[in-house]
*Asks:* 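Attaching a single structure in structure tokens format; questions to follow.
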Amino acid sequence: MTELHEHLFRREAGRLVATLTRIFGVENLALAEDVVQDAFCRALEVWPFRGVPDNPSAWLMATAKHRALDVLRRERTARTLAPELARALEPAEPLFTEDAIRDDQLRMMLSCCHPGLSEAAQVALMLHILCGFSVDEVAGAFVSTHAGVEKRLSRAKHVLAQSQRLFEIADPADFAARLPAVQRALYLLFNEGYHGASPEAAVRAELCREALRLTGLLLEHSVATTPATYALAALMCLHAARLPARLDAAGHLSVLAEQDRSRWDPDLMAEGQRLLELSASGPELSEYHLEAAIAAVHASAPRLEDTNWAHIVWLYDTLLAVRPSPVVALNRAIAVAQRDGPERGLEAIAAIADRKRLDGYPFYHAALGELELRRGKNDAARRHFGAALALARNAMERQFLEQRMEACDAGKADLAWHPGPSCR
Amino acid sequence: MSQFVYLYRSTNEASRAAMGSPEQLQKSMQAWMAWMKRLADQGHIKDQGHPLERTGKLVKGTQRTITDGPYAESKDVIGGYTLIEAKDLAEAAELSKGCPILEGGGVVEVRPVLQTGM
């Protein structure tokens with residue numbers, strides 16, 4: 001009997017909704033979601049008796065198709081759908097070819113990144129429509145309320161419906177104009193998984209995996225395979241490779257310095273390196289290139305002390321020029337401290353122009369604490385870690401920071417920590 | 001060993017509501033398959049049975065009037081059946097407690113098969 005593939009329904013939900021929305025029209029997204037729900041119900045009625053079909057994707061698509069045809073016939077009679085929709089249905093087969101379905105997910109991904117939506121809404125919409133996350137699951141991922149996410153999603157769907165039609169992927173100029181927003185949304189999705197506030201490691205790993213999967217969809221389309229897309233995919237792989245080592249055996253947050261590097265995923269690292277090479281095919285140097293390059297420097301150091309910090313500082317300097325942000329500046333300062341010692345690092349932090357914006361970020365205070373601790377100012381360090389602790393967003397961060405406070409009492413400094421995706 | 005039929009009954013609304021997100025559906029599906037497999041491994045399944053369509057016809061009375069099935073209002077519908085072997089009705093009922101349909105507000109109706117010659 002065929003095994004039930006992990007996350008099968010989540011994947012299929014995105015594929016099916018994307019295709020049905022193309023057929024029904026973007027204003028009938030809810031109808032598409034309804035038909036998918038029906039097909040899933042059907043699977044739950046049939047598969048326990050018959051087993052998982054050999055090709056579950058094809059089974060679900062065929063079932064959804066029959067249901068969609070029923071709906072269209074009924075709606076045509078009721079004349080509630082546009083007449084051209086009924087005509088579109090006449091040769092039904094071409095609507096469901098593999099190529100058409102593959103394009104649908106790309107079309108939906110670009111549609112979700114509608115300029116009328118905030119970045120947060122774009123990410124939520126992608127998770128909901130293309131990754132099959134329910135309202136509660138989206139809320140869990142972003143540590144927000146059911147009501148808040150529901151409101152955000154319904155507003156986003158309204159904007160999508162108002163846009164009259166799905167994004168047209170055939171126009172290269174339009175595509176190129178929309179692509180940066182898609183890359184940015186995928187980056188934020190990945191970052192939420194890597195650094196986000198959700199206390200559940202499993203939830204966060206799922207977000208990273210979905211971001212990687214959707215980026216993989218981009219890479220299947222020649223028009224989307226720009227150097228920046230390759231660089232984005234590279235940075236995701238290189239960071240995802242470290243995920244298994246981010247939690248130690250006891251499930252505690254493990255900083256870069258302490259990570260068991262033998263637990264870094266070699267396949268993902270190799271894939272990241274390969275993608276990084278592919279990203280170097282043109283003059284473009286995006287923020288993703290720079291972040292991927294920083295991750296690659298870390299990945300190429302067998303031990304922490306082998307890290308080429310001078311190169312990392314240089315990459316952060318360049319990144320700051322491309323996308324100035326206080327978090328990038330903070331990460332740069334930490335690299336400076338690694339290269340030149342804690343005093344230079346603290347000076348670099350003091351020189352961050354808009355460092356007020358970091359006040360609410362726990363790892364800003366933790367960085368100050370770490371550097372003070374390293375130069376022997378244990379009391380100052382303790383105060384900074386206390387401030388960080390007050391801002392900690394989940395039990396894992398709290399536990400980590402409490403541990404650092406204990407280290408202050410013992411006067412035991414850490415060697416380094418926390419370079420990761422920088423834009424928050 | 002005696003034979004029993006499990007009739008899986010639920011309303012359309014209940015089964016849809018219970019399905020939840022795709023990830024929850026994944027879990028329900030796994031639960032169904034694990035339960036069926038457990039019964040089979042223990043030798044309790046005589047015939048895995050079949051799922052049933054939710055629509056059908058009713059043929060009624062001396063006039064042989066044919067109408068659409070009673071399911072338009074999506075009342076309690078039999079979604080499928082399985083033929084079970086168990087020591088007695090008590091055991092058959094006990095075994096049905098693991099059925100995932102119960103998590104979603106459904107019902108397992110356990111009916112002894114009338115033995116021939118009785």
Side-chain angles (χ1 to χ4, degrees), chain A residues 1-17 33-53 56-57 59-60 63-64 66-67 70 127-141 146 149 202-203 206-207 209-210, chain B residues 5-41 45-55 71-72 74 77-84 96 98-106 108:
Chain A
M1 206 204 300
T2 314
E3 286 280 313
L4 191 60
H5 199 279
E6 226 192 338
H7 306 298
L8 171 79
F9 292 102
R10 200 167 250 184
R11 302 280 148 89
E12 292 304 321
R15 255 165 58 93
L16 292 164
V17 170
E33 290 179 320
D34 226 43
V35 167
V36 173
Q37 197 80 354
D38 277 343
F40 282 2
C41 255
R42 187 84 177 157
L44 190 55
E45 287 167 359
V46 174
W47 295 7
F49 294 93
R50 306 259 165 88
V52 180
S57 300
W59 191 100
L60 287 168
T63 305
H66 286 304
R67 180 80 189 114
D70 282 349
L127 261 185
H128 181 62
I129 295 182
L130 283 166
C131 309
F133 276 53
S134 67
V135 171
D136 281 328
E137 287 163 351
V138 174
H146 177 97
V149 169
V203 171
E206 276 174 51
L207 297 184
R209 192 176 48 231
E210 289 302 317
Chain B
V5 174
Y6 285 173
L7 300 171
Y8 307 109
R9 293 174 23 188
S10 70
T11 65
N12 282 333
E13 284 76 15
S15 51
R16 262 190 91 130
M19 204 177 72
S21 70
E23 204 62 8
Q24 286 163 323
L25 166 64
Q26 183 103 13
K27 295 208 169 73
S28 305
M29 188 69 84
Q30 281 161 344
W32 264 102
M33 293 185 157
W35 180 64
M36 285 274 198
K37 184 172 181 312
R38 204 162 57 240
L39 286 182
D41 289 349
I45 292 198
K46 177 73 180 166
D47 181 338
Q48 188 146 36
H50 292 280
L52 299 177
E53 292 280 358
R54 286 182 172 263
T55 52
Y71 312 131
S74 63
V77 182
I78 296 174
Y81 66 91
T82 303
L83 196 57
I84 293 289
S96 77
C99 181
I101 202 170
L102 302 172
E103 305 295 328
V108 185

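Reminder, nothing fancy here: chain letters follow the sequence lines and each chain counts from 1.
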*Asks:* Against chain B, label A:R11 side chain, backbone, both or neither, depending on which of its atoms sit under 4.5 Å from a heavy atom there.
*Replies:*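 Looking at A:R11, nothing touches chain B.
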*Asks:* With no hydrogens and no angle check, is any side-chain donor or acceptor of B:Q26 less than 3.5 Å from a backbone partner on A:L8?
*Replies:*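 Confirmed, B:Q26 side chain pairs with A:L8 backbone.
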*Asks:* Going from CG on B:L25 to CZ on A:F40, what distance comes out if it is rounded to the nearest 0.5 angstrom?
*Replies:* 6.5 Å
*Asks:* Taking only residues two or more places apart in sequence, or in another chain, which ones meet A:D38 in a salt bridge (Lys or Arg N to Asp or Glu O under 4.0 Å)?
*Replies:* A:R67, B:R16
*Asks:* Highest number of heavy-atom pairs under 4.5 Å with chain B: which of A:C131, A:A43, A:P48, A:S134?
*Replies:*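 Counting heavy-atom pairs under 4.5 Å, the top option is A:P48.
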*Asks:* If you count heavy-atom pairs under 4.5 Å between each of A:F133, A:F9, A:F49 and chain B, which one has the most?
*Replies:* A:F49
*Asks:* Which pair of heavy atoms, one from B:P22 and one from A:A13, lies closest together, and at what distance?
*Replies:* CG-CB, 3.8 Å
*Asks:* If I measure from the heavy atoms of chain A, does B:M29 come under 4.5 Å with its side chain, its backbone, both, or neither?
*Replies:*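 For B:M29, the contact with chain A is made by backbone and side chain together.
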*Asks:* Using side-chain heavy atoms (C-beta onward) and a distance below 4.5 Å, is A:R42 in contact with B:P51?
*Replies:* no
*Asks:* CZ of A:R209: more than 12 outside heavy atoms within 6.0 angstrom?
*Replies:* yes
*Asks:* Which bit of A:E137 comes within less than 4.5 Å of chain B, counting heavy atoms only: side chain, backbone, both or neither?
*Replies:* side chain
*Asks:* With a 4.5 angstrom heavy-atom cut-off, could you sort out which part of A:H5 is near chain B: side chain, backbone, both or neither?
*Replies:* backbone
*Asks:* Name the option with the most non-hydrogen atom pairs under 4.5 Å to chain A; the candidates are B:Q30, B:H50, B:M36.
*Replies:*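 Looking at each option in turn, the highest pair count goes to B:H50.
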*Asks:* Which bit of A:E6 is near chain B, if near means a heavy-atom gap under 4.5 Å: side chain, backbone, both or neither?
*Replies:*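 A:E6 touches chain B through backbone heavy atoms alone.
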